[in-house]
Amino acid sequence: MADKTYLDWPFLDDSHRKLQSDLAAWCAQYDFGDEEDIDNRCRQLVADLGKAGWLKNCVPAKWGGASEKLDVRSIALCRETLAYYSGLADFSFAMQGLGSGAISLYGTDAQRQQYLPAVAAGTAIAAFALSEAEAGSDVAAMATSAEHSGDEYVLNGEKTWISNGGIADFYCVFARTGEEPGARGLSAFIVEASNPGLEITAKIETIAPHPLTTLSFSDCRVAASARIGESGEGFKIAMATLDVFRTTVGAAALGFARRALDEAVQHTSTRELFGAPLSALQMTEASIAEMATEIDASALLVYRSAWAKDCYQERVTREAAMAKLYATEAAQKTIDRAVQLFGGSGVVKGNIAERLYREIRALRIYEGASEVQKVIIARQTYNRHGK
Ligand SMILES: Cc1cc2nc3c(=O)[nH]c(=O)nc-3n(C[C@H](O)[C@H](O)[C@H](O)COP(=O)(O)OP(=O)(O)OC[C@H]3O[C@@H](n4cnc5c(N)ncnc54)[C@H](O)[C@@H]3O)c2cc1C
């Protein structure tokens with residue numbers, strides 16, 4: 001990563017600077033492999049990230065983690081650095097945090113003890129199961145049900161777009177318990193992959209492959225003690241989890257964008273066109289200037305949101321939405337510019353710009369599409385104006 005000046009910004013402290021530099025050194029010598037045999041690649045990545053200690057940033061210190069509470073700046077720095085090297089490594093890291101986030105934030109001590117140390121060690125793989133075919137952006141339309149029966153809940157329904165589906169050891173599943181209609185009638189549960197009644201019914205292939213499946217629940221019984229938080233609190237738990245991790249989606253986008261800029265600078269400095277390097281053309285300079293400026297603007301929003309969450313604000317719904325919206329959209333533009341500067345080679349399979357072009361796309365959709373982030377920001381803005 002050529003420009004590390006952002007590490008000196010006041011949002012970060014010495015422990016963050018050391019974390020970034022140690023992780024970058026680890027990444028530089030790690031063999032991230034290719035896009036073959038994705039499920040095993042991800043299992044290996046989780047194991048290796050755990051062994052090296054990086055997954056400690058995904059859980060609180062009391063349960064095998066690095067900081068007293070989830071430190072969003074550390075998670076963001078890890079995601080940015082991993083994404084710079086490998087989208088799949090960022091994915092494996094992020095899902096350990098997102099998949100166990102509800103337990104970290106709202107679990108009982110028994111649940112935390114059972115799952116979080118293994119998540120941090122990379123010996124258990126976590127997943128977050130919120131979305132359904134008819135309930136993606138509109139979470140409140142969720143149909144999967146969890147019926148209370150004695151000291152158990154019985155889950156029925158289907159979840160889709162579930163990252164780590166098929167390789168996860170446990171899923172944090174959100175289902176309708178019906179206390180009230182809509183968003184107020186949801187609860188969260190831990191469902192072990194081996195639980196009878198839980199089945200992987202489809203694998204989904206995407207342009208940047210990672211384990212992604214549809215899950216089906218058919219009279220899937222879990223103990224009442226597997227419920228996370230209070231009954232009817234599911235929506236709040238999901239949103240609080242996203243409040244931590246949404247900012248870090250922006251950080252991953254930033255990692256992809258920084259890589260695109262570094263590769264574009266390298267390529268345009270050596271590619272000769274019309275008797276001079278491509279970098280000598282003013283339109284190339286304009287592209288590089290826009291890329292560099294948007295990267296700094298993204299970093300400011302990402303680390304402002306992370307710092308606010310870590311240091312003084314319980315909820316950062318507005319800041320996280322701005323960070324995710326801006327950083328993912330800007331990274332898409334930055335990577336597109338890099339593809340353009342590479343010319344034909346930028347769209348050839350295996351070229352770094354081609355890979356980044358595929359890897360960035362889903363970030364503008366998952367954990368709330370860009371339009372959803374705009375709705376959140378607009379509502380918060382009206383609120384601030386008393387409207
Ligand atoms: C690669 C990948 C990984 C994922 N991993 C997970 C996971 O691990 N767990 C999980 O639970 N889910 C996961 N998802 C699901 C993801 O969160 C949903 O795809 C997302 O919320 C959008 O839902 P949808 O696909 O149903 O699109 P829809 O809800 O149908 O939305 C379609 C489009 O409508 C537009 N739109 C939405 N709302 C508005 C609005 N208010 N105003 C204007 N336009 C709007 C947006 O452009 C949006 O992209 C993943 C998705 C992808 C692609």
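For reference, positions follow the sequence shown, starting with 1. Whatever order the structure lists ligands and atoms in, that order sets their numbers, starting from 1.
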Q. Got a salt bridge between Asp336 and Lys333, using NZ or NE/NH1/NH2 to carboxylate O under 4.0 Å?
A. no
Q) Are Lys203 and Asp39 ion-paired here, with the side-chain N under 4.0 Å from a carboxylate O? A) yes
Q. Is the closest protein non-hydrogen atom to atom 34 (O) of ligand 1 under 4.0 Å?
A. no
(Q) I need the single residue from Gln313, Gln380, Lys324 that forms a side chain to side chain donor-acceptor pair (under 3.5 Å) with Glu319. Which is it? (A) Gln313
Q. Going by atom types only, do Gln20 and Thr81 share a side-chain donor-acceptor pair under 3.5 Å?
A. yes
Q. Mind checking whether Leu130 has an N or O less than 3.5 Å away from an N or O of ligand 1?
A. yes
(Q) Under 3.5 Å between any N/O of Phe128 and any N/O of ligand 1: does that happen in this structure? (A) yes
Q: Pick whichever of Ser131, Ala126, Ala141, Pro211 has a heavy atom sitting closest to atom 16 (C) of ligand 1.
A: Ser131
Q: Measure from NZ or CZ of Arg259 to the centre of the six-membered ring of Tyr84 and say whether it is under 6.0 Å with the direction within 45° of the ring axis.
A: yes
Q | Part of Asn164 within contact of ligand 1 (heavy atoms, under 4.0 Å) | A | neither
Q. Can you tell me if His210 has a non-hydrogen atom under 4.0 Å from ligand 1?
A. yes
Q.
For ligand 1 and Ser163, I'd like to know whether there is a polar contact (N/O to N/O, distance under 3.5 Å).
A. yes
Q: Return yes when at least one protein heavy atom is under 4.0 Å from atom 21 (O) of ligand 1, and no when none is.
A: yes
Q. So, for atom 1 (C) of ligand 1, does the protein have a heavy atom nearer than 4.0 Å?
A. yes
Q.
Give the atom numbers and elements of ligand 1 that come within less than 4.0 Å of a heavy atom of Val375.
A. 41 (N)
Q | Numbering as shown, the atoms of ligand 1 that approach Ile162 to under 4.0 Å (heavy-atom distance) | A | 9 (N), 10 (C), 11 (O)
Q | NZ or CZ of Arg271 within 45° of Phe342 ring axis and under 6.0 Å | A | no
Q: Please check if any side-chain donor atom of Glu132 sits under 3.5 Å from a side-chain acceptor atom of Thr144, or the reverse.
A: yes
Q: Please could you name the atoms of ligand 1 that Ala369 approaches to less than 4.0 Å, counting only its heavy atoms?
A: 46 (C), 48 (C), 49 (O)
Q) Would you call the rings of Phe11 and Trp9 parallel, tilted or perpendicular, where under 30° means parallel and over 60° means perpendicular? A) perpendicular
Q. With only distance considered, is Thr160 within less than 3.5 Å of ligand 1 through an N or O on each side?
A. no
**Q.** Pair Glu80 + Arg258: basic N to acidic O under 4.0 Å
**A.** yes
Q.
Applying a heavy-atom cut-off of 4.0 Å, say which part of Glu367 lies close to ligand 1: side chain, backbone, both or neither.
A. backbone
(Q) Checking a contact table here: which protein heavy atom is nearest atom 25 (O) of ligand 1, and how many Å away? (A) Trp161 NE1, 3.9 Å
Q. Does a salt bridge link Arg41 with Glu36, judged by any charged N lying under 4.0 Å from a carboxylate O?
A. no
**Q.** Ring centers of Phe174, Phe128 separated by less than 6.0 Å
**A.** yes
**Q.** Contact (N/O only, under 3.5 Å) between Glu132 and ligand 1
**A.** no
Q. Protein heavy atom under 4.0 angstrom of atom 46 (C) of ligand 1, is there one?
A. yes
Q: Ignoring angles and geometry beyond distance, decide whether Glu371 reaches within less than 3.5 Å of ligand 1 through its nitrogen or oxygen atoms.
A: yes
